[in-house]
Chemist: 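Next up is a structure, given as structure tokens.
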Amino acid sequence: MDERLLTLSGKEIAGMIRRGDISSREAVATHIAHMQRVNTDLNAVVADRYEQAMKEAAKADRERAKKPLDELPEYHGVPCSIKECFALKGMPNTSGLVSRRGITSKSDATAVKRMRAAGVIPLGVTNTSELCMWMESNNRVYGRTNNPYDPSRIVGGSSGGEGAIIGSGASPFGLGSDVGGSIRMPAFFNGVFGHKPTGGMVPATGQFPTAENDALRYLTTGPLTRRAEDLMPLLRIMAGPDGKDKECSPWELGDPAGVRIDELTVLDVPENGWLKVSDELKAAQRRAARALEDMGATVREVRFARLKRSLDIWSSMLQAADGTPFAEMLEHRSPLHTMMEFGRWAMRRSPHTLPAILLALLEKATALTPGRTRRFVEEGLKLRAELIESIGPKGVMLYPSYPEVAPTHYKPMLPPFNWVYTAILNVMELPVTQVPLGLDHQGLPLGVQVAGIPGNDHVTIAVAVALEKAFGGWVPPARIFGNGVGRASGAALTA
């Protein structure tokens with residue numbers, strides 16, 4: 001039972017607790033024990049609250065014994081994990097910035113508060129990249145996180161700790177944030193599901209760093225899960241204005257169960273015209289498209305010329321939002337300060353990671369060309385209109401998550417812009433679900449992004465559920481679970 005529990009969805013665990021098949025204490029203790037085993041190699045959970053979690057589980061069991069079952073919240077007594085950039089009362093909230101070491105949250109972020117009201121029990125907080133702005137979850141506060149399928153490979157960023165701990169089976173779901181792919185890349189590299197909601201659907205209140213102005217619609221908060229059936233319930237729990245995030249607006253959320261795959265048009269977009277995607281990933285995406293076609297969907301392979309300028313569009317639209325500069329959050333007072341910091345890094349005396357310093361320099365370069373920024377903002381608005389019209393209310397777009405499977409540590413620095421496959425969809429404000437598609441010939445996760453038009457989160461999630469049924473979804477890592485539990489679940493797409 002213990003090992004099987006580590007492969008179930010949060011909904012299944014909640015049902016077992018509700019029926020009395022297991023207690024919340026058993027569910028929480030099982031995940032804590034597994035988390036302790038795997039975290040030695042992964043370094044995904046950077047601060048735990050195991051003792052408090054067991055007390056909360058005992059309280060959940062007492063409540064379950066006293067209250068009518070219909071009065072219990074949806075995820076009563078179910079364990080989870082939380083990205084460290086979100087405020088979780090009593091836990092650190094540094095986002096990997098050395099100058100914030102020692103800061104402890106005094107309250108919960110809005111999304112965390114809503115999840116806890118739904119009955120979840122956080123086991124701890126997970127690692128990020130420095131200030132949540134790079135795809136390698138590595139910083140000078142907590143160090144580097146490793147991939148559960150192969151520790152020599154990255155977990156993605158900035159929700160990399162979430163992706164790794166969920167991909168290892170130690171958490172059924174968790175909370176992430178995404179301004180350039182920070183939910184979807186970790187979900188992809190670690191073989192799990194992730195959902196970037198429609199822009200402005202979930203409040204960003206209570207996370208550090210946060211965004212400002214239009215960028216609050218590009219920065220999205222959403223779930224990472226080991227099973228697809230948790231995506232929509234968790235999104236419903238998180239969604240809706242909180243009176244603090246000024247860009248968050250009410251959306252009428254649809255029901256994935258009401259989506260008919262045979263009525264959908266699927267746009268299969270194999271590449272962006274700039275960065276080549278590996279043959280193995282393209283083949284996996286084609287298999288996903290064929291599977292949906294077999295279910296009755298109409299599939300068309302298309303290309304969008306403007307996607308070739310994804311980097312220019314993403315950086316320009318983020319720059320035009322006129323939020324607090326990244327360099328200022330790093331506490332760099334001037335361009336000279338940033339250059340001097342690069343020199344300190346070269347002498348191994350900087351409190352910052354190299355990607356953070358380089359991103360600060362890139363930001364300053366973008367700010368020096370306002371005319372170019374305006375031009376690419378206009379191109380971005382045209383691309384957004386084109387995508388929305390082409391996908392339509394009864395459609396989705398399949399799009400690569402990254403040009404290759406999880407690369408080895410440090411490899412993302414050369415070339416440094418492969419993350420634009422996810423980033424461009426943030427400034428488009430589209431809902432996107434990351435879907436695992438089995439394993440490649442090395443035993444590493446394959447996957448694809450499923451994008452829809454704003455407000456159609458339930459459609460992309462419905463497609464994720466359908467693809468999970470077709471291909472098995474998350475495959476528990478053999479190096480952690482052996483060749484037994486769940487190994488066959490990804491066989492349909494294992495090369």
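Any value given below was found using the heavy atoms of this structure, including those in side chains, with hydrogens, waters and symmetry copies removed.
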Chemist: May I ask you to test the Ser401-Tyr421 pair for a side-chain heavy-atom distance under 4.5 Å?
Modeler: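 They are not in contact (no side-chain heavy atoms under 4.5 Å apart), so the answer is no.
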Chemist: Determine whether Glu429 and Arg217 satisfy the following criterion, salt bridge (charged side-chain N to carboxylate O under 4.0 Å, His left out), listing intermediate values before the conclusion.
Modeler: CA-CA 7 Å; Glu429 300 184 28; Arg217 302 184 65 82; 2.9 Å; yes
Chemist: Indicate yes or no: does Asp312 engage Arg372 in a salt bridge with an N to O separation below 4.0 Å.
Modeler: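 Answer for the salt bridge query: yes.
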Chemist: Less than 4.5 Å apart, any side-chain heavy atom of Gln434 and any of Ile183?
Modeler: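 No. Closest side-chain heavy atoms not under 4.5 Å.
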Chemist: Can you name the closest pair of heavy atoms from Pro151 and Asn146 and give their distance?
Modeler: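 What the structure gives for the nearest pair is O-OD1, 3.4 Å.
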Chemist: Decide whether Thr353 and Glu130 meet the rule of one side-chain donor and one side-chain acceptor closer than 3.5 Å.
Modeler: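 Result is yes, a qualifying pair exists.
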Chemist: Could you go through the side-chain contact (heavy atoms from CB on, under 4.5 Å) check for Trp134 and Met413 one step at a time?
Modeler: CA-CA 10 Å; Trp134 183 240; Met413 294 296 294; 3.5 Å; yes
Chemist: For Thr422 and Gln449, test the side chains for any donor-to-acceptor distance below 3.5 angstrom and give the result as yes or no.
Modeler: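 No, no side-chain donor-acceptor pair sits under 3.5 Å.
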Chemist: Is the distance between the ring centroids of Phe86 and Phe208 under 6.0 Å?
Modeler: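 No, the ring centres sit 6.0 Å or more apart.
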Chemist: Shortest non-hydrogen contact from Val405 to Leu281?
Modeler: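 Heavy-atom minimum between the residues: N-CD1, 3.9 Å.
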Chemist: Could you go through the salt bridge (charged side-chain N to carboxylate O under 4.0 Å, His left out) check for Arg306 and Glu386 one step at a time?
Modeler: CA-CA 10 Å; Arg306 287 188 176 91; Glu386 184 181 12; 3.3 Å; yes
Chemist: Decide, yes or no, whether a salt bridge links Glu341 with Arg349 under the criterion of side-chain N to carboxylate O below 4.0 Å.
Modeler: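 Salt bridge: no.
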Chemist: For Arg49 and Leu123, indicate whether the former's side chain and the latter's backbone hold a donor-acceptor pair under 3.5 Å.
Modeler: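 Checking the backbone N and O of Leu123 against the side chain of Arg49, no donor-acceptor pair under 3.5 Å is found.
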Chemist: Between Pro241 and Ser249, what is the shortest heavy-atom contact and its length?
Modeler: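 Answer, listing the atom of Pro241 first, then Ser249: CG-C, 3.8 Å.
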Chemist: Under 6.0 Å between ring centres: does that hold for Phe189 and Tyr402?
Modeler: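 Ring centres of Tyr402 and Phe189 closer than 6.0 Å.
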Chemist: Are Lys411 and Glu404 close enough, and set up right, to give a salt bridge (charged side-chain N to carboxylate O under 4.0 Å, His left out), and what steps lead you there?
Modeler: CA-CA 11 Å; Lys411 187 180 177 184; Glu404 60 179 315; 3.1 Å; yes
Chemist: Quick one: does any side-chain atom of Trp419 pair with a main-chain N or O of Pro416 as donor and acceptor, under 3.5 Å?
Modeler: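 Present.
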Chemist: Asp457 vs Lys196, test: salt bridge (charged side-chain N to carboxylate O under 4.0 Å, His left out). Steps then yes/no.
Modeler: CA-CA 9 Å; Asp457 298 66; Lys196 182 204 87 64; over 6 Å; no
